[in-house]
Amino acid sequence: MGHGVWCRRMAALTAVVGWAALILQLVIVVQKMAAVGQGFGPALWRFLGFFTVLTNLGVAIVATEIALGGLHALTGARARLTAVVSIVLVGVIYALLLRNVWSPQGAQLVADRLLHQAVPVLFLIVWLVGPHGRLRLADTVWAMAPPLAYLVYALARGEADGWYAYWFLDPAKLGAEKMAQNAVVLAVVFFTTALIFVGVDRAIGHRRG
């Protein structure tokens, strides 16, 4: 069985898990917001405030396109690099910085595990079994776009409504200097991870070639 078939099959599984996890998480947020008198609009706004949710949404879209047989602009080498770097770091950063600050139960625990563990692992496999050998060092710039865009987005949201999704990006609690330091560290982590994936891509492409 060729790499393309495995890639599409794993992508289909990733897409199913990803969409299911996102729907479950949205339902949970809607229910929580309803409990405090908030409607669907505020719930959706809160739902879309998390880098985890936005990254899983992007991965679900890319995985769906791959599963349907597409390897074009949306699912090309750069798009897949961007998606895999972000989703892998969603899992890593959650494990290191966020897992110990709360204790989800029930449906929230299921959504938590799917979004932070299952989808990152599944899409990593999709990336590994997919086509390789097309990335260059300059392509790391693409992997930096999501975290940089999210930083601007998160700070603008926080300034507007006073809510920040992550404690390590909350200038109200940390102060501007510490928050800026955290942002720089995260940027370095994303860039380094992107370099690693570009190196792996070139190594696999050379081996298969």
Side-chain angles (χ1 to χ4, degrees), residues 11-68 73-75 79-80 82-95 97-99 101-123 143-174 179 182-183 186 190:
L13 176 60
T14 304
V16 169
V17 174
W19 288 119
L22 287 165
I23 292 171
L24 176 59
Q25 185 62 52
L26 178 59
V27 170
I28 292 170
V29 174
V30 169
Q31 291 176 341
K32 287 182 177 179
M33 296 294 281
V36 295
Q38 298 291 327
F40 181 78
L44 181 62
W45 177 243
R46 178 63 58 89
F47 175 74
L48 295 174
F50 293 91
F51 186 74
T52 291
V53 166
L54 297 173
T55 300
N56 272 271
L57 180 60
V59 165
I61 292 171
V62 172
T64 299
E65 287 292 322
I66 294 174
L68 294 175
L74 183 60
T75 54
R80 286 181 286 111
T82 300
V84 76
V85 169
S86 288
I87 196 63
V88 166
L89 286 178
V90 159
V92 172
I93 292 172
Y94 178 80
L97 300 179
L98 298 170
R99 177 176 292 174
V101 303
W102 76 323
S103 181
Q105 304 294 326
Q108 183 60 77
L109 177 62
V110 174
D112 180 82
R113 295 295 183 264
L114 292 177
L115 293 170
H116 295 106
Q117 295 180 9
V119 174
V121 170
L122 288 171
F123 193 74
M144 297 299 297
L148 293 177
Y150 179 78
L151 177 62
V152 174
Y153 168 67
L155 292 178
R157 282 180 57 113
E159 184 67 24
D161 58 25
W163 178 82
Y164 296 88
Y166 304 106
W167 64 264
F168 51 84
L169 291 178
D170 185 351
K173 293 181 178 179
L174 300 176
M179 199 285 298
N182 288 347
L186 288 173
F190 269 84

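Worth knowing before you read on, the calculation uses all heavy atoms, side chains too, and leaves out hydrogens, waters and symmetry mates. Bear in mind that the values here come from a model prediction, so they are computed numbers and not experimental data.
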CA sep, side-chain torsions, deciding dist, call: Leu98, Phe168, side chain to side chain contact (heavy atoms under 4.5 Å, CB included): CA-CA 10 Å; Leu98 298 170; Phe168 51 84; 3.9 Å; yes
Leu151 vs Leu186, side chain to side chain contact (heavy atoms under 4.5 Å, CB included): CA-CA, chis, key distance, verdict: CA-CA 10 Å; Leu151 177 62; Leu186 288 173; over 6 Å; no
For Phe123, the option from Thr14, Val17, Val88 that meets side-chain contact (heavy atoms from CB on, under 4.5 Å):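 When Thr14, Val17, Val88 are each tested with Phe123, the side-chain contact (heavy atoms from CB on, under 4.5 Å) holds only for Thr14.
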Are side-chain heavy atoms of [X] and [Y] found at a separation under 4.5 Å?
X	Y	result
Leu155	Tyr164	yes
Met179	Asp170	no
Phe190	Ile93	yes
Thr52	Gln25	no
Trp163	Arg46	yes
Leu26	Leu22	no
Trp102	Asp112	yes
Pro146	Thr55	no

Side chain to side chain contact (heavy atoms under 4.5 Å, CB included) between Gln117 and Val121, worked out: CA-CA 6 Å; Gln117 295 180 9; Val121 170; 5.6 Å; no
For [X] and [Y], which heavy atoms make the closest approach, and how far apart are they?
X	Y	value
Ala111	Ile28	CB-CD1, 4.1 Å
Gln108	Pro104	CG-CB, 3.7 Å
Ala15	Ala60	CB-O, 4.3 Å
Pro147	Ala143	CD-O, 3.4 Å
Pro120	Leu114	CD-O, 4.2 Å

Under 3.5 Å donor-acceptor, Trp167 side chain and Leu97 backbone: yes
Polar side-chain atom of Tyr150 near backbone of Gly49 as donor-acceptor pair, under 3.5 Å: yes
Straight-line distance of [X] [atom1] to [Y] [atom2], nearest 0.5 Å:
X	Y	atom1	atom2	result
Phe51	Leu89	CZ	CG	8.0 Å
Leu57	Leu115	CG	CG	11.0 Å
Tyr94	Arg113	OH	CZ	6.0 Å

Listed partners of Arg157 passing side-chain hydrogen bond (donor to acceptor under 3.5 Å, both in side chains), at least two apart: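 Residues passing side-chain hydrogen bond (donor to acceptor under 3.5 Å, both in side chains) with Arg157: Tyr153.
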Derivation and outcome, side chain to side chain contact (heavy atoms under 4.5 Å, CB included), residues Trp19 and Thr64: CA-CA 9 Å; Trp19 288 119; Thr64 299; 2.9 Å; yes
